[in-house]
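Values reported hereafter were calculated over all heavy atoms of this structure, with side chains retained and with hydrogens, waters and symmetry mates removed. By convention in this document, chain letters (A, B, ...) are assigned in the order of the sequence lines, proteins followed by strands, and residues within each chain are numbered from 1.
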Amino acid sequence: MLYEVKGRLRAWLHDWAGQRWGPDVADRLPVRYEIRIPEPQWGDLALNVALVWAKAVGEPASALAQAMAEALKTWPEVADVRVAGPGFINIRWDRSTWIRRWVDRLGQPVETAPRFRKVVVEHTAINPNKAAHVGHLRNAVLGDTLVRAWRFLGENVEVQNYIDDTGVQVADVVVGFYYMEGRKTVADLQSVPPPFDHYCWDLYTRVQHWYEEDPQRIRFRNEALHALERGEGPLAELGRWISETILRAHLATMERVGIRYDVLPKESDIIALRFWDHAFELLKQREAAVYATEGPYRGCWILPLRGRPEWDALEEPDKVLVRSNGTVTYVAKDIAYQLWKLGLLGQDFGYRLFHVYPDGHEVYTTTADPTQRPPGRAFGGGDRVYNVIDVRQSYLQQIVVEALRRMGYETAAEASIHFAYEMVALSARSCEKMGIPVESDQKLIAFSGRRGIGVKADDLLDALEAQARCEVQARHPDLPPDEQARVARQIACGAVRYYLLRYGRQTVIAFDIDEALQMEGETGPYLQYAWVRARNIFERLGVWPDWVGYLRATRPADLPEDYWASEEGAATWQLFYQAQHLRDWVWKAVNALELNLITQYVYQLCQQFHRYYLKYRIKQAPDPTLRWLRAAAVGAVVHSLAQGLDILGIPRPDMM
RNA sequence: GCGCCUGUAGCUCAGUCGGAUAGAGCACGAGAUUCCUAAUCUCGGGGUCGGGGGUUCGAGUCCCCCCAGGCGCACCA
């Protein structure tokens, strides 16, 4: 509701300016003024528009503010408008009107016009050669939360998880099984002690050491790599089985934290379908790729980047796409794939069903046979594409976008967004605990699959679940064990997701096991506990889940106007009003790609609710009117919290 | 060398396109429960916002310089 009022206010201010200075002036006035929620003492809404516009029109800010304030007083939902400081306009809403209108509108869908035809979000993209670690989890949680936020805002979103099943990493594990361990058939792999992805975690680091012992052995990797690319022979067969098995393990791990996908495009199919050839033709046609006849890249096809200030600073700004030996570089493949995501390649994969989630949601994977098409489904072709990849890939991502630009796909370049975030590293303290040697001056140690340094996502979740289960058992000894386990899983999921989301994306997370296992204070369980408490109120009133019906049926004919001036009235209003801001924050978060804005908002709402809950009882309120007012505020929290927790992917337990 | 990012309480971090008195959590100390209430709440100490200069009604936030740290800059993936 607040969201809608803010929109009206902007339009109204524009009209007001038009009447005062004429429409031409109004259209040229800065629109970057702020409509913010101030400290409660100032009012419900604060505008700095007079300060911003005063500069533009050369009138004193305070006089301007005064005039606007007078005009705003005619709004029916406005109780009072005051001018403060150098020219802030502080609006105070008519509380009774607001709360009544809010109850009436509950359940009505918010009207949203989608901005995009399809938003594509690619995240996770873990090499399918070993178990997922917490760093991968950060990627997936950020991506998934972005997906949830866009869906909340009414967009059609497709979730992609790119699978590099032909790369060095898978090749190394193939080498490990085939040459080091002599496991040469799929049957041999099936006898590996489970969990398979955890076994490969160790094997992968063992292979690295094996290479270091004798550098000659690197030829086994090349052999495996070629086999994977050709897709034939016993090595390729092992590779296919390994990558698919580990991919399924990754899907299971991600399902534990509520993360799902729509389509899993495989590198092997990109190779088999020769996506690059098509992209290459396009690049040549549009003169974005050039054959170098001289200089250091003689004999290569390059993407010339000279001529733009941001690239000229580099020693060798041009980027090789096709090597002098005719092979294709990593960036080049990425350009082809990005073109497909944007629907510009003029070519598509085939698809087959890969997995069905318990609730019926289907995940497809690609095939090399383009005639295989799932009925009623189409993948790729987004008009907004997010690539969730850590910040170290920024340079590469910039090149991909620049290539689109050079090809003349300006809009597509604008639509391609690199969601860059910092990595998860181990704190020196955690390393010591885990027995990893640390040099004294090092504060952080980066995760490294090769060296086997990192915390597996499953291990973290297991630890959290075990801990949560102990607590649940202590609190609800009579609850059936499978119910206890279910709640524990929900809490573990909430704890991990909140832990990974609360940091800004440019903050390196120094992973600390004790901190990650924390369930008190600013944590996921804190939010979940607020939900349980709020929900319990209506439960105890006997009106769950139809608390909306309850609020409508028991609404008092008149609300006491002096209530809002009391201490309780102020608290009730603040809680109610705070619960109205979700949509604004989600919007802001998605546009700035700062998802921690959502966690902060939800956390603060919960904090406010916990305080209110302790102070004002609902069921035992002194009279029906007070009960209704308090219950309405709690209802606003329930409404907002349900949506907020869903966006964050934090489960909503029935009890804790 | 060049580019990007970071520096805020003992620790881990927020801080909204520049806005009103710099905030949380953890840790530490003291308290709160005859049931919608302890995975919670209340109170307390703790800060030269890395340093210096500038822009303006107003700077943790924008600009310049310096210091410290991280990451990136292949015919590797």
Side-chain angles (χ1 to χ4, degrees), chain A residues 30 32-34 36-39 41-42 46 48 51 54 61 84-88 90 127 164 167-169 225 292 296-302 310-317 319-325 327-331 333 390-396 398 420 422-423 425 427 429 443-444 446 468 471-472 475 491 495 502-504 506-510 512 514-515 518-526 528-530 532-541 584-585 588-589 592 594 596-597 599-601 603-604 606-607 610-611 613-621 634 656:
Chain A
R32 293 160 66 106
Y33 56 86
E34 200 172 45
R36 72 187 326 229
I37 318 295
E39 294 293 308
Q41 53 174 319
W42 302 105
N48 68 348
L51 291 164
F88 292 105
N90 294 323
N127 278 299
D164 185 4
V168 176
Q169 296 219 17
L225 210 46
Y297 296 142
R298 192 156 58 94
C300 300
W301 283 88
I302 58 168
E310 63 262 44
W311 305 102
D312 275 351
L314 298 172
E315 274 174 48
E316 207 55 65
K319 192 74 198 170
V320 173
L321 297 174
V322 181
R323 301 182 189 102
S324 49
N325 67 7
T327 56
V328 180
T329 61
Y330 177 70
V331 219
K333 288 184 209 165
D390 76 67
V391 69
R392 290 173 301 183
Q393 303 279 338
S394 295
Y395 172 63
L396 244 30
Q398 274 178 45
E422 270 290 356
M423 350 177 263
S427 64
R429 200 168 60 126
K443 282 189 138 182
L444 292 173
E471 285 290 326
V472 175
R475 283 156 211 250
I491 292 169
R502 55 182 278 223
Y503 297 93
Q506 281 165 340
T507 300
V508 179
I509 298 183
D512 183 272
D514 295 330
E515 215 173 300
Q518 186 73 39
M519 294 196 180
E520 290 172 10
E522 193 191 337
T523 64
Y526 180 92
Q528 293 175 309
Y529 192 53
V532 168
R533 282 179 148 182
R535 183 190 176 288
N536 270 350
I537 292 170
F538 291 118
E539 186 93 61
R540 293 298 169 102
L541 284 168
D584 286 277
W585 283 108
K588 211 175 279 194
E594 290 292 359
N596 62 333
L597 293 176
T599 60
Q600 277 165 47
Y601 165 72
Y603 172 69
Q604 275 165 25
C606 289
Q607 209 173 24
H610 275 306
R611 286 183 196 139
Y613 176 87
L614 265 301
K615 195 159 183 188
Y616 304 103
R617 314 226 164 149
I618 287 84
K619 197 180 171 192
Q620 298 94 327
V634 173
M656 278 178 76

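Distance CD (A:Glu515) to P (B:A24): 18 Å, rounded to an integer number of Å. Computed from coordinates, the A:Tyr503 OH to B:G15 C1' distance equals 16 Å when rounded to whole Å. In this structure, CG of A:Asp390 is placed 19 Å from P of B:C4, rounded to the nearest angstrom. The separation between A:Asn536 atom CG and B:A39 atom P is 13 Å, rounded to whole Å. Taking atom CG of residue A:Leu444 and atom C1' of nucleotide B:C13, one finds them 14 Å apart after rounding to whole Å. One can place NE2 of A:His610 at 10 Å from P of B:A38, the figure rounded to the nearest angstrom. Whole-Å rounding puts the A:Gln607 CD to B:C41 C1' distance at 11 Å. If you take CD of A:Glu422 and C1' of B:C4, they are 10 Å apart, rounded to a whole angstrom.
Looking at A:Arg502, its side chain has no donor and acceptor atom pair within 3.5 Å of the base of B:A14. Donor-acceptor pairing under 3.5 Å, judged by distance alone, is present between the side chain of A:Ser324 and the base of B:C75.
In this view, A:Glu539 and A:Arg535 satisfy the side-chain hydrogen bond (donor to acceptor under 3.5 Å, both in side chains) rule, not counting sequence neighbours. Residues satisfying the salt bridge (Lys or Arg N to Asp or Glu O under 4.0 Å) criterion with A:Arg611, sequence neighbours excluded, are absent altogether. Contacts of A:Arg392 classified as salt bridge (Lys or Arg N to Asp or Glu O under 4.0 Å), with partners at least two apart in sequence or in another chain: A:Asp390. By the salt bridge (Lys or Arg N to Asp or Glu O under 4.0 Å) test, A:Glu594 is found to be paired with A:Arg505, residues two or more places apart in sequence or in another chain being considered.
Here the separation of B:C5 from B:C49, taken at their P atoms, is 23 Å to the nearest Å. Going from the C1' atom of B:C67 to that of B:G58 covers 28 Å, rounded to whole Å. Between the P atoms of B:U33 and B:G46, the separation comes to 29 Å (whole Å). Nucleotides B:C13 and B:A77 have their C1' atoms positioned 34 Å apart, rounded to a whole Å. Nucleotides B:G69 and B:U8 are separated by 15 Å at their P atoms, to the nearest Å. Between B:G60 and B:G3, the two C1' atoms lie 25 Å apart (nearest whole Å). For the C1' atom pair drawn from B:G45 and B:A30, the interatomic distance equals 12 Å after rounding to whole Å. Nucleotides B:A9 and B:G1 are separated by 29 Å at their P atoms, to the nearest Å.
In this structure, A:Val472 reaches the bases: a heavy-atom distance under 4.0 Å links it to at least one base atom across the strands shown. Among the atoms of the strands shown, none is found under 4.0 Å from any heavy atom of A:Val391. Residue contacts shown for A:Tyr601 are absent, as no nucleic acid heavy atom lies under 4.0 Å away. At a threshold of 4.0 angstrom between heavy atoms, the contacts of A:Ile491 include nucleobase atoms, whether or not backbone atoms are also involved. Nucleic acid contact class of A:Arg535 (heavy atoms, under 4.0 Å, all strands): none. Backbone-only contact: A:Gly504 has heavy atoms under 4.0 Å from sugar-phosphate atoms and none from a base.
The structure places CZ of A:Arg502 at 8.5 Å from OG1 of A:Thr599, a figure rounded to the nearest 0.5 Å. Within the model, atoms OH of A:Tyr297 and CD1 of A:Ile302 stand 8.0 Å from one another, a figure rounded to the nearest 0.5 Å. Annotation: the span from A:Trp585 atom CH2 to A:Lys588 atom NZ amounts to 4.5 Å, rounded to 0.5 Å. In this structure, A:Thr523 OG1 and A:Tyr529 OH are separated by 12.5 Å, a value rounded to the nearest 0.5 Å. The structure places SG of A:Cys606 at 9.5 Å from OH of A:Tyr601, a figure rounded to the nearest 0.5 Å.
Of the possible donor and acceptor atoms, one in the side chain of A:Asp512 sits under 3.5 Å from a partner among the backbone N and O of A:Glu515. A donor-acceptor distance shorter than 3.5 angstrom exists from the side chain of A:Thr329 to the backbone of A:Leu321, with no hydrogens or angles considered.
For the pair A:Ile509 and A:Gln393, both in contact range of RNA chain B, the more 5′-proximal nearest nucleotide belongs to A:Ile509. Each of A:Leu396 and A:Glu522 was assigned the nucleotide of RNA chain B with the nearest heavy atom; the assignment lying further toward the 5' end belongs to A:Glu522.
In this structure, A:Tyr526 and A:Tyr603 have tilted ring planes: the angle between them lies in the 30° to 60° band.
Here B:G15 is the nucleotide among B:G15, B:A38, B:C73 with the atom lying nearest to any side-chain atom of A:Asn596. Of the candidate nucleotides B:G72, B:A39, B:C41, B:G72 has the atom lying nearest to any side-chain atom of A:Arg392. Here B:C73 is the nucleotide among B:C71, B:A38, B:C73 with the atom lying nearest to any side-chain atom of A:Tyr395. Taking the side chain of A:Gln600 as heavy atoms from C-beta on, and the options B:U40, B:A14, B:C71, the nearest nucleotide is B:A14. Proximity note for A:Arg475 (side chain, C-beta onward) versus B:A14, B:A24, B:A39: the nearest is B:A39.
Considering every non-hydrogen atom in both A:Ser324 and A:Cys300, the closest pair reads N-SG, 3.5 Å.
Of the side-chain N and O atoms in A:Tyr526, one or more sit less than 4.0 angstrom from OP1 or OP2 of B:C41. For A:Thr507, a side-chain nitrogen or oxygen approaches OP1 or OP2 of B:A14 to under 4.0 Å. Between A:Tyr529 and B:A38 there is a side-chain polar atom (N or O) within less than 4.0 angstrom of OP1 or OP2. The phosphate of B:U6 has OP1 or OP2 within less than 4.0 Å of a side-chain N or O from A:Gln506.
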Could you list, one pair per line, each protein nitrogen or oxygen that sits under 3.5 Å from a nitrogen or oxygen of nucleotides 19-22 of chain B, together with the distance?
residue : atom : partner : partner atom : Å
B:A20   : N6   : A:Asn90 : OD1          : 3.0
B:A20   : N1   : A:Asn90 : ND2          : 3.3
B:U21   : O4   : A:Gln41 : OE1          : 3.3
B:U21   : O4   : A:Gln41 : NE2          : 2.5

Note, RNA chain B 5' to 3' with Watson-Crick or G-U pairs under 3.5 Å encoded as ( ), [ ], | and . gives (((((((..((((.....[...)))).(((((.......))))).....(((((..]....))))))))))))....
